[in-house]
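Accompanying notes for the structure given below.
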Amino acid sequence: MLRVPSVADMTLVRLLLSVFGLSACLVAAAFGQSPPSDAVARSVALFREAGKVLQHPRCLNCHPVGDRPTQNDTMRPHISRVVRGADGHGPPGLPCSACHHAANYDAAHVPGHTDWHLAPASMAWAGKSLGAICVQIKDPARNGGRDMAALLRHVSEDSLVGWAWSPGAGRTSAPGTQAEFGAVMRAWAESGAHCPPE
Amino acid sequence: MATVTLRINGANRSLEVDGDTPLLWALRDHLKLTGTKFGCGEAYCGACTVFVDGNPVRSCSLPVSQVGNGAITTIEGISGPEAAAVQQAWIARDVPQCGYCQSGQIMSAIALLKAIRKPTDRGIDLAMGGNLCRCATYVRIRAAIHDAARALGG
Ligand code: FES
Ligand code: FES
(Lines give C-alpha, C1' and ligand atoms only; values in the text may rest on other atoms or scores of the structure.)
(Ligands and ions follow the chains in the order given, each with its own letter.)
Protein backbone atom coordinates (compact mmCIF):
# COMPACT_ATOMS: atom_id res chain seq x y z
CA MET A 1 0.00 0.00 0.00
CA LEU A 2 1.06 3.52 -0.72
CA ARG A 3 1.09 5.86 2.22
CA VAL A 4 1.56 9.53 2.68
CA PRO A 5 4.38 9.56 5.26
CA SER A 6 2.80 10.30 8.63
CA VAL A 7 4.09 12.50 11.43
CA ALA A 8 5.43 9.36 13.11
CA ASP A 9 7.18 8.37 9.89
CA MET A 10 8.69 11.78 9.60
CA THR A 11 9.86 11.65 13.20
CA LEU A 12 11.65 8.45 12.22
CA VAL A 13 13.01 10.13 9.12
CA ARG A 14 14.27 13.00 11.31
CA LEU A 15 15.84 10.55 13.72
CA LEU A 16 17.60 8.80 10.86
CA LEU A 17 18.63 12.10 9.41
CA SER A 18 20.06 13.16 12.77
CA VAL A 19 22.16 9.99 12.83
CA PHE A 20 23.28 10.13 9.21
CA GLY A 21 22.83 13.83 8.74
CA LEU A 22 25.81 14.93 10.82
CA SER A 23 28.32 13.23 8.58
CA ALA A 24 26.39 14.39 5.51
CA CYS A 25 26.53 17.95 6.83
CA LEU A 26 30.22 17.72 7.41
CA VAL A 27 30.78 16.39 3.90
CA ALA A 28 28.44 18.98 2.42
CA ALA A 29 30.11 21.75 4.38
CA ALA A 30 33.47 20.58 3.16
CA PHE A 31 32.21 20.95 -0.42
CA GLY A 32 30.50 24.27 0.25
CA GLN A 33 26.93 22.97 -0.23
CA SER A 34 23.96 23.55 2.02
CA PRO A 35 22.86 20.35 3.78
CA PRO A 36 19.55 18.78 2.78
CA SER A 37 16.70 19.94 4.97
CA ASP A 38 14.04 17.77 6.52
CA ALA A 39 11.55 19.30 4.11
CA VAL A 40 13.58 18.27 1.11
CA ALA A 41 14.10 14.80 2.55
CA ARG A 42 10.37 14.46 3.14
CA SER A 43 9.61 15.55 -0.42
CA VAL A 44 12.10 13.07 -1.84
CA ALA A 45 10.66 10.35 0.41
CA LEU A 46 7.21 11.11 -0.96
CA PHE A 47 8.42 10.78 -4.54
CA ARG A 48 10.13 7.50 -3.71
CA GLU A 49 6.75 6.27 -2.45
CA ALA A 50 5.09 7.42 -5.68
CA GLY A 51 7.91 5.70 -7.54
CA LYS A 52 6.55 2.32 -6.42
CA VAL A 53 3.72 3.03 -8.86
CA LEU A 54 5.66 4.89 -11.53
CA GLN A 55 8.20 2.08 -11.80
CA HIS A 56 5.67 -0.73 -11.62
CA PRO A 57 5.45 -2.92 -14.75
CA ARG A 58 1.78 -1.91 -15.21
CA CYS A 59 3.06 1.59 -15.90
CA LEU A 60 6.48 0.98 -17.44
CA ASN A 61 5.19 -1.47 -20.05
CA CYS A 62 3.46 1.38 -21.86
CA HIS A 63 6.10 4.03 -21.07
CA PRO A 64 8.85 2.25 -23.02
CA VAL A 65 12.15 3.67 -24.19
CA GLY A 66 12.05 2.99 -27.92
CA ASP A 67 9.04 2.21 -30.05
CA ARG A 68 7.95 -1.16 -28.77
CA PRO A 69 5.89 -1.72 -25.62
CA THR A 70 6.65 -4.50 -23.18
CA GLN A 71 4.38 -7.04 -21.51
CA ASN A 72 3.69 -8.72 -18.20
CA ASP A 73 5.70 -8.47 -14.99
CA THR A 74 8.92 -9.60 -16.68
CA MET A 75 8.51 -6.72 -19.14
CA ARG A 76 9.31 -8.87 -22.16
CA PRO A 77 8.90 -7.27 -25.61
CA HIS A 78 5.24 -7.15 -26.65
CA ILE A 79 3.92 -10.07 -28.67
CA SER A 80 2.75 -9.43 -31.43
CA ARG A 81 5.48 -7.17 -32.62
CA VAL A 82 3.85 -3.75 -32.40
CA VAL A 83 5.21 -0.21 -32.38
CA ARG A 84 3.92 3.11 -31.15
CA GLY A 85 3.17 4.72 -34.54
CA ALA A 86 2.79 8.46 -35.02
CA ASP A 87 0.42 9.09 -32.11
CA GLY A 88 1.03 6.18 -29.75
CA HIS A 89 -1.99 4.26 -31.04
CA GLY A 90 -0.02 1.91 -33.30
CA PRO A 91 1.05 2.06 -36.96
CA PRO A 92 -1.42 2.41 -39.86
CA GLY A 93 -3.11 -0.94 -40.39
CA LEU A 94 -2.34 -2.29 -36.93
CA PRO A 95 -3.79 0.04 -34.31
CA CYS A 96 -3.66 -0.96 -30.65
CA SER A 97 -7.45 -1.18 -30.86
CA ALA A 98 -7.18 -4.15 -33.23
CA CYS A 99 -6.54 -6.31 -30.18
CA HIS A 100 -7.19 -4.09 -27.15
CA HIS A 101 -10.87 -3.28 -26.94
CA ALA A 102 -12.96 -1.14 -24.61
CA ALA A 103 -12.40 -3.25 -21.49
CA ASN A 104 -10.25 -6.08 -20.17
CA TYR A 105 -11.26 -9.42 -21.64
CA ASP A 106 -10.02 -12.09 -19.30
CA ALA A 107 -11.18 -15.01 -21.47
CA ALA A 108 -8.55 -14.03 -24.05
CA HIS A 109 -6.10 -12.59 -21.49
CA VAL A 110 -6.18 -9.28 -23.35
CA PRO A 111 -6.28 -6.03 -21.39
CA GLY A 112 -8.44 -3.20 -22.64
CA HIS A 113 -9.51 0.40 -22.32
CA THR A 114 -11.34 2.74 -24.67
CA ASP A 115 -8.15 4.70 -25.33
CA TRP A 116 -5.46 2.04 -25.09
CA HIS A 117 -2.19 3.55 -26.31
CA LEU A 118 1.45 4.13 -25.51
CA ALA A 119 2.72 7.14 -23.64
CA PRO A 120 4.63 9.50 -25.96
CA ALA A 121 8.34 8.86 -26.41
CA SER A 122 9.06 12.00 -24.36
CA MET A 123 7.50 10.21 -21.39
CA ALA A 124 9.68 7.11 -21.68
CA TRP A 125 10.50 5.84 -18.19
CA ALA A 126 11.57 2.23 -18.60
CA GLY A 127 15.13 1.69 -17.42
CA LYS A 128 15.53 5.21 -16.06
CA SER A 129 16.39 6.10 -12.48
CA LEU A 130 13.63 7.42 -10.26
CA GLY A 131 15.48 10.73 -10.08
CA ALA A 132 15.52 10.99 -13.87
CA ILE A 133 11.80 10.15 -14.04
CA CYS A 134 11.13 12.80 -11.40
CA VAL A 135 12.88 15.55 -13.36
CA GLN A 136 11.16 14.37 -16.53
CA ILE A 137 7.67 14.21 -15.05
CA LYS A 138 7.91 17.82 -13.88
CA ASP A 139 9.12 19.09 -17.25
CA PRO A 140 6.21 20.35 -19.40
CA ALA A 141 8.37 19.78 -22.49
CA ARG A 142 8.40 16.07 -21.65
CA ASN A 143 5.15 15.50 -19.76
CA GLY A 144 2.62 16.47 -22.39
CA GLY A 145 2.69 20.18 -21.60
CA ARG A 146 1.26 19.78 -18.10
CA ASP A 147 1.82 22.19 -15.26
CA MET A 148 1.76 20.67 -11.78
CA ALA A 149 -2.01 21.04 -11.41
CA ALA A 150 -2.60 19.26 -14.70
CA LEU A 151 -0.08 16.58 -13.81
CA LEU A 152 -1.84 15.91 -10.51
CA ARG A 153 -5.20 15.73 -12.28
CA HIS A 154 -3.74 13.32 -14.81
CA VAL A 155 -2.33 10.89 -12.25
CA SER A 156 -5.40 11.12 -10.01
CA GLU A 157 -8.21 11.01 -12.54
CA ASP A 158 -7.11 9.67 -15.92
CA SER A 159 -8.88 6.36 -16.44
CA LEU A 160 -6.05 4.84 -18.49
CA VAL A 161 -3.69 5.59 -15.59
CA GLY A 162 -6.38 4.06 -13.38
CA TRP A 163 -6.27 0.85 -15.41
CA ALA A 164 -3.04 0.03 -13.52
CA TRP A 165 -5.23 -0.72 -10.47
CA SER A 166 -7.75 -2.87 -12.33
CA PRO A 167 -5.57 -4.64 -14.87
CA GLY A 168 -7.63 -7.80 -15.24
CA ALA A 169 -7.01 -11.39 -14.26
CA GLY A 170 -3.43 -12.62 -14.22
CA ARG A 171 -1.79 -9.21 -13.89
CA THR A 172 -0.45 -7.73 -10.70
CA SER A 173 -2.02 -4.43 -9.81
CA ALA A 174 0.04 -1.31 -9.18
CA PRO A 175 0.42 -0.83 -5.39
CA GLY A 176 -2.27 0.95 -3.42
CA THR A 177 -5.08 2.72 -5.21
CA GLN A 178 -5.20 5.52 -7.74
CA ALA A 179 -6.61 7.82 -5.05
CA GLU A 180 -3.68 7.01 -2.74
CA PHE A 181 -1.24 7.52 -5.58
CA GLY A 182 -2.84 10.87 -6.32
CA ALA A 183 -2.61 11.84 -2.63
CA VAL A 184 1.09 10.94 -2.47
CA MET A 185 1.79 12.92 -5.65
CA ARG A 186 -0.16 15.89 -4.27
CA ALA A 187 1.75 15.76 -1.00
CA TRP A 188 4.98 15.60 -3.00
CA ALA A 189 3.96 18.64 -5.05
CA GLU A 190 3.00 20.56 -1.90
CA SER A 191 6.32 19.68 -0.29
CA GLY A 192 8.20 21.41 -3.10
CA ALA A 193 8.34 18.53 -5.61
CA HIS A 194 11.96 17.69 -4.85
CA CYS A 195 13.60 14.83 -6.72
CA PRO A 196 15.84 11.98 -5.69
CA PRO A 197 19.35 12.17 -7.16
CA GLU A 198 19.47 11.13 -10.82
CA MET B 1 -27.54 -16.61 -22.26
CA ALA B 2 -29.05 -13.66 -24.01
CA THR B 3 -30.33 -12.82 -27.45
CA VAL B 4 -27.71 -10.74 -29.17
CA THR B 5 -28.21 -9.07 -32.51
CA LEU B 6 -25.11 -8.43 -34.57
CA ARG B 7 -24.83 -6.54 -37.83
CA ILE B 8 -22.73 -8.82 -40.00
CA ASN B 9 -21.94 -8.31 -43.67
CA GLY B 10 -24.87 -5.96 -44.04
CA ALA B 11 -27.52 -8.10 -42.36
CA ASN B 12 -28.80 -8.32 -38.80
CA ARG B 13 -28.21 -11.74 -37.27
CA SER B 14 -29.67 -12.77 -33.92
CA LEU B 15 -28.18 -15.50 -31.81
CA GLU B 16 -28.45 -16.92 -28.31
CA VAL B 17 -25.08 -16.51 -26.64
CA ASP B 18 -23.50 -15.49 -23.40
CA GLY B 19 -22.30 -11.89 -23.65
CA ASP B 20 -18.79 -13.02 -22.73
CA THR B 21 -18.56 -15.22 -25.85
CA PRO B 22 -15.75 -14.19 -28.18
CA LEU B 23 -17.07 -12.72 -31.41
CA LEU B 24 -14.99 -15.38 -33.17
CA TRP B 25 -17.07 -18.19 -31.63
CA ALA B 26 -20.28 -16.38 -32.49
CA LEU B 27 -19.16 -16.11 -36.12
CA ARG B 28 -17.84 -19.61 -36.52
CA ASP B 29 -19.94 -21.81 -34.24
CA HIS B 30 -23.27 -19.98 -34.20
CA LEU B 31 -23.40 -18.32 -37.60
CA LYS B 32 -21.23 -20.80 -39.53
CA LEU B 33 -19.11 -18.02 -41.01
CA THR B 34 -16.05 -20.21 -40.94
CA GLY B 35 -13.86 -18.16 -43.25
CA THR B 36 -12.58 -16.41 -40.13
CA LYS B 37 -10.09 -18.72 -38.44
CA PHE B 38 -9.08 -19.58 -34.91
CA GLY B 39 -5.35 -19.65 -34.35
CA CYS B 40 -4.48 -18.69 -30.79
CA GLY B 41 -7.54 -17.21 -29.12
CA GLU B 42 -5.38 -14.57 -27.40
CA ALA B 43 -4.77 -11.89 -30.04
CA TYR B 44 -1.32 -13.18 -30.97
CA CYS B 45 -1.75 -14.53 -34.50
CA GLY B 46 -4.25 -12.42 -36.46
CA ALA B 47 -6.08 -15.41 -38.01
CA CYS B 48 -9.41 -14.18 -36.62
CA THR B 49 -9.23 -10.63 -38.01
CA VAL B 50 -12.52 -9.03 -39.05
CA PHE B 51 -13.58 -5.41 -39.46
CA VAL B 52 -15.78 -3.56 -37.01
CA ASP B 53 -16.94 -0.28 -38.54
CA GLY B 54 -14.17 -0.71 -41.09
CA ASN B 55 -11.39 -1.09 -38.52
CA PRO B 56 -9.38 -4.31 -38.18
CA VAL B 57 -10.24 -6.21 -35.02
CA ARG B 58 -9.16 -9.55 -33.59
CA SER B 59 -12.48 -11.26 -33.10
CA CYS B 60 -11.04 -13.67 -30.52
CA SER B 61 -10.34 -10.83 -28.10
CA LEU B 62 -13.69 -9.08 -28.50
CA PRO B 63 -16.66 -10.38 -26.52
CA VAL B 64 -20.00 -10.01 -28.27
CA SER B 65 -21.17 -7.79 -25.40
CA GLN B 66 -18.67 -5.16 -26.53
CA VAL B 67 -19.63 -5.14 -30.21
CA GLY B 68 -22.65 -2.90 -29.70
CA ASN B 69 -23.96 -1.48 -32.95
CA GLY B 70 -20.66 -1.97 -34.72
CA ALA B 71 -20.97 -3.14 -38.31
CA ILE B 72 -18.98 -6.36 -38.65
CA THR B 73 -17.41 -7.40 -41.93
CA THR B 74 -15.90 -10.86 -42.27
CA ILE B 75 -13.85 -12.31 -45.10
CA GLU B 76 -17.15 -13.52 -46.62
CA GLY B 77 -18.43 -9.94 -46.85
CA ILE B 78 -15.49 -7.86 -48.03
CA SER B 79 -15.94 -5.64 -51.04
CA GLY B 80 -14.60 -2.45 -52.57
CA PRO B 81 -11.49 -1.50 -54.54
CA GLU B 82 -8.96 -2.52 -51.88
CA ALA B 83 -10.56 -5.94 -51.48
CA ALA B 84 -10.62 -6.46 -55.25
CA ALA B 85 -7.00 -5.36 -55.65
CA VAL B 86 -5.83 -7.62 -52.83
CA GLN B 87 -7.78 -10.59 -54.20
CA GLN B 88 -6.25 -10.13 -57.66
CA ALA B 89 -2.74 -9.72 -56.28
CA TRP B 90 -3.12 -12.76 -54.02
CA ILE B 91 -4.19 -14.90 -56.98
CA ALA B 92 -1.48 -13.55 -59.29
CA ARG B 93 1.24 -14.15 -56.70
CA ASP B 94 -0.21 -17.47 -55.59
CA VAL B 95 0.24 -16.25 -52.05
CA PRO B 96 -1.37 -18.96 -49.90
CA GLN B 97 0.45 -22.14 -48.96
CA CYS B 98 -1.83 -24.13 -46.65
CA GLY B 99 -4.18 -21.14 -46.54
CA TYR B 100 -5.07 -21.26 -42.87
CA CYS B 101 -3.82 -17.79 -41.96
CA GLN B 102 -4.83 -16.17 -45.22
CA SER B 103 -8.25 -14.75 -44.43
CA GLY B 104 -6.64 -12.84 -41.56
CA GLN B 105 -3.75 -11.77 -43.79
CA ILE B 106 -6.16 -10.49 -46.43
CA MET B 107 -8.23 -8.55 -43.90
CA SER B 108 -5.09 -6.90 -42.53
CA ALA B 109 -3.78 -6.15 -46.03
CA ILE B 110 -7.04 -4.43 -46.92
CA ALA B 111 -6.94 -2.44 -43.68
CA LEU B 112 -3.39 -1.35 -44.47
CA LEU B 113 -4.23 -0.24 -48.01
CA LYS B 114 -7.19 1.74 -46.71
CA ALA B 115 -4.84 3.49 -44.28
CA ILE B 116 -1.84 3.99 -46.62
CA ARG B 117 -2.15 4.02 -50.40
CA LYS B 118 1.52 3.26 -51.07
CA PRO B 119 3.05 1.44 -48.11
CA THR B 120 6.79 0.88 -47.91
CA ASP B 121 8.32 -2.46 -47.02
CA ARG B 122 8.62 -1.23 -43.44
CA GLY B 123 5.04 0.02 -43.40
CA ILE B 124 3.90 -3.40 -44.59
CA ASP B 125 6.00 -5.20 -42.01
CA LEU B 126 4.67 -3.03 -39.18
CA ALA B 127 1.04 -3.40 -40.21
CA MET B 128 1.27 -7.12 -40.94
CA GLY B 129 3.44 -7.98 -37.92
CA GLY B 130 0.37 -9.15 -36.02
CA ASN B 131 -0.49 -11.80 -38.63
CA LEU B 132 1.52 -14.98 -38.30
CA CYS B 133 1.95 -17.54 -41.07
CA ARG B 134 3.29 -20.97 -40.23
CA CYS B 135 4.02 -21.54 -43.91
CA ALA B 136 6.10 -18.35 -43.99
CA THR B 137 4.41 -16.78 -46.97
CA TYR B 138 5.56 -13.38 -45.74
CA VAL B 139 7.66 -12.55 -48.80
CA ARG B 140 4.79 -13.24 -51.17
CA ILE B 141 2.38 -11.32 -48.95
CA ARG B 142 4.61 -8.28 -49.04
CA ALA B 143 5.02 -8.48 -52.83
CA ALA B 144 1.27 -8.91 -53.30
CA ILE B 145 0.53 -5.87 -51.16
CA HIS B 146 2.90 -3.81 -53.31
CA ASP B 147 1.11 -5.13 -56.41
CA ALA B 148 -2.29 -4.29 -54.95
CA ALA B 149 -1.09 -0.79 -54.04
CA ARG B 150 0.11 -0.25 -57.60
CA ALA B 151 -3.23 -1.47 -58.97
CA LEU B 152 -4.96 1.05 -56.72
CA GLY B 153 -2.80 3.81 -58.14
CA GLY B 154 -0.57 4.15 -55.10
S1 FES C 1 -7.13 -16.36 -32.99
FE2 FES C 1 -7.37 -14.24 -32.69
S3 FES C 1 -5.40 -13.46 -32.90
FE4 FES C 1 -5.11 -15.61 -32.94
S1 FES D 1 -0.40 -20.15 -45.54
FE2 FES D 1 -0.21 -21.70 -44.09
S3 FES D 1 -0.26 -20.64 -42.20
FE4 FES D 1 -0.12 -19.09 -43.65
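Protein chains get the first letters and strands the later ones, always in sequence-line order, with residue 1 at the start of each. Only heavy atoms go into these numbers, but all of them, side chains included; no hydrogens, no water, no symmetry mates.
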*Is there side-chain contact between P92(A) and P119(B), with at least one heavy-atom pair below 4.5 Å?*
no
*Specify the closest pair of heavy atoms between A108(A) and C60(B), including all atoms of both residues, with the distance to one decimal.*
CB-O, 3.6 Å
*With a 4.5 angstrom heavy-atom cut-off, which part of N55(B) approaches chain A: side chain, backbone, both or neither?*
neither
_So, taking the atom named CG in L23(B) and the one named NE2 in H101(A), what distance separates them when rounded to the nearest 0.5 Å?_
8.5 Å
*Do you know the tightest heavy-atom contact between S80(A) and G129(B)?*
CB-O, 3.9 Å
*Look at A43(B), G130(B), P63(B) and state which one has the largest set of heavy-atom pairs under 4.5 Å with chain A.*
P63(B)
*May I ask you to test the C99(A)-Y44(B) pair for a side-chain heavy-atom distance under 4.5 Å?*
no
*asked:* What's the separation between atom OH in Y105(A) and atom OG in S65(B), rounded to the nearest 0.5 Å?
replied: 7.5 Å
*Region of T21(B) in contact with chain A, defined by heavy-atom distances below 4.5 Å*: backbone
*So, for A107(A) and D20(B), which heavy atoms are closest and what is the spacing to 0.1 Å?*
CB-OD2, 4.4 Å
*How many angstroms lie between atom CZ of R81(A) and atom CE of M128(B), to the nearest 0.5 angstrom?*
14.0 Å
*Search all heavy atoms of G93(A) against all heavy atoms of A115(B) and return the closest pair with its distance.*
N-CB, 4.0 Å
*Partner residues of E157(A) under the side chain to side chain donor-acceptor pair (under 3.5 Å) criterion, sequence neighbours left out*: none
*Quick one: pull up OG1 in T49(B) and CG in L94(A) and give me the separation to the nearest 0.5 Å.*
8.5 Å
*asked:* Need one label for I116(B): side chain, backbone, both or neither, based on atoms under 4.5 Å from any heavy atom in chain A.
replied: side chain
*Test item: side-chain donor near acceptor, H109(A) and E42(B), under 3.5 Å*: yes
*What distance separates C45(B) SG from I79(A) CD1, expressed to the nearest 0.5 Å?*
12.5 Å
*Side chain, backbone, both or neither: which part of V110(A) has a heavy atom under 4.5 Å from chain B?*
side chain
